[in-house]
Amino acid sequence: MVGYLFPGQGTVRVGMGAWLRRNPVARRVLDEFDERLSRPISPICTRGPLDRLVSTEHAQIAVTACNLATHAVLEEEGFRPHVVAGHSVGELSALYAAGVLDLAETARLVELRARLMSRVNVIGGMHAVMGLEVEQVEEMVGWAAGPDEPLVVGLENAPGHVVVSGAMGALDRLAKLATSASKIVELSVGNAFHSPLMDPAVPEWSAAVEVAAMRPPFVPVVPNVTAEPTTDLDVIRRALVGQLTGRVLWTRTVAVVDALGPSVEVGDSKVLAGLSRRSGARCLSMAEPSTLRRLAREVAA
């Protein structure tokens, strides 16, 4: 039994999932996932080009495919989660791992989410603020936001690692507030995710989540917007809608999961394992070849 953390959109790269395609169990999941999509994602993961892969309409699907395939590897080895969480779009993968969604419904929802978010035509962006705590970043956001240029803290990733999201003008003003103790990095994303600028996508996404075929989870899920374990389907549905425009409380999520035992990043990524280390938490990454052996030792201990 181990905590499962599923990465999100920012972890894609050309060639992702190569080790999964060499594993027969994972390959079957990737093939089935492709069959459930309107257009297979595997060719873009394998060959790119990079600009297509990192686009919202492809990135969210690509990372979900790898997440589910990696989950199959762990399952084949006899591992089971005692709690699950997913970073941003990774929350759909977490719901799959908890038995809330089946593979077909996961594919349908992630494809819809990617399409809706990519079609939002109110242009914004996201910046990572490094070296400052959330309260300090919130103060900077208050100075930089304008009446018609919203800016919010979109993700609390780890201590000293906060992402702000909003209008380009507000982000430009924020960049001028950088101090010697901080570093502000523009992120290569399609829009201002986890901010009010995603409001146009909410009605259709909410309607889809409301009618999605879901079963009660067999282990607790820690939603992004609450960072509190739950097995309540109503709470899960509301949180899945809320995270489209709401803040990702990842630092608190990691603390909750770590308090219950060791965790593993379930996907072709090392990003969440790195964020966990910044929080002083124990997390291995399935992208490391030695992880299955180390994970067995962690669980035994």
Side-chain angles (χ1 to χ4, degrees), residues 4-9 11-12 17 20 25-42 44-45 56-76 80-81 83-119 193 198 201-226 229-246 248 266-268:
Y4 283 8
L5 303 179
F6 291 88
Q9 177 176 345
T11 61
V12 296
L20 292 165
V25 173
R27 181 60 184 259
R28 283 196 295 271
V29 172
L30 292 172
D31 290 345
E32 184 180 353
F33 195 79
D34 274 343
E35 291 171 4
R36 299 290 183 174
L37 301 170
S38 60
R39 183 176 301 171
I41 195 65
S42 290
I44 301 175
C45 291
T56 300
E57 62 181 318
H58 295 128
Q60 295 190 12
I61 300 169
V63 74
T64 302
C66 289
N67 290 355
L68 269 55
T70 308
H71 173 268
V73 174
L74 283 165
E75 194 169 49
E76 178 73 6
R80 299 290 185 273
V83 63
V84 300
H87 190 271
S88 190
V89 70
E91 192 158 282
L92 288 171
S93 302
L95 295 181
Y96 170 82
V100 176
L101 301 172
D102 63 15
L103 185 142
E105 196 73 338
T106 305
R108 185 185 73 83
L109 286 174
V110 74
E111 191 167 36
L112 175 63
R113 186 184 191 274
R115 183 168 67 250
L116 292 175
M117 294 178 73
S118 67
R119 288 180 178 176
F193 306 133
M198 288 293 105
V202 170
E204 192 171 344
W205 177 241
S206 179
V209 171
E210 182 64 30
V211 301
M214 293 187 179
R215 297 173 298 275
F218 61 81
V219 295
V221 177
V222 187
N224 287 181
V225 296
T226 67
T230 184
T231 57
D232 188 319
L233 267 185
D234 290 335
V235 172
I236 289 170
R237 287 185 196 269
R238 289 196 299 271
L240 197 57
V241 174
Q243 64 128 273
L244 210 64
T245 57
V248 174
V266 185
D268 192 10

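One is the number of the first residue; the rest follow in order along the sequence.
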- Message: Go through it in stages, so that I can follow the logic: the residues are V100 and L233, the test is side chain to side chain contact (heavy atoms under 4.5 Å, CB included), and I'd like the CA-CA distance, side-chain angles, deciding distance and then a yes or no.
- Response: CA-CA 8 Å; V100 176; L233 267 185; 3.9 Å; yes
- Message: I'd like to know if the side chain of S118 reaches the main chain of A114, judged simply by a donor and an acceptor atom lying under 3.5 Å from each other, with no hydrogens or angles considered.
- Response: yes
- Task: Give a yes or no on whether R119 atom CZ has more than 12 heavy-atom contacts from other residues, nucleotides or ligands under 6.0 Å away.
- Result: no
- Task: Say whether, by atom type as modelled, one donor and one acceptor occur between the side chain of E111 and the main chain of S38 under 3.5 angstrom.
- Result: yes
- Message: Distance check, rounded to the nearest 0.5 Å: T64 atom OG1 versus L109 atom CG?
- Response: 10.0 Å
- Stepwise side chain to side chain contact (heavy atoms under 4.5 Å, CB included) test for D102 and E105: CA-CA 5 Å; D102 63 15; E105 196 73 338; 3.2 Å; yes
- Message: Within the supplied structure, the quantity of interest is the number of heavy atoms (other residues, nucleotides, ligands) at a distance under 6.0 Å from R39 CZ; does it exceed 12?
- Response: no
- Task: Using atom types as modelled and distance alone, determine if a side-chain donor or acceptor of R80 lies under 3.5 Å from a backbone N or O of E75.
- Result: yes
- Can you tell me if N224 uses its side chain to pair, donor with acceptor, with the backbone of H87 under 3.5 Å? no
- What class does the angle between the rings of Y4 and H71 fall in, given that below 30° is parallel, 30 to 60° is tilted and above 60° is perpendicular? perpendicular
- Task: Can you measure from CD (E32) to CZ (R36) and round to the nearest 0.5 angstrom?
- Result: 5.5 Å
- Message: Can you tell whether the side chains of D234 and R238 come within less than 4.0 Å, N to carboxylate O?
- Response: no
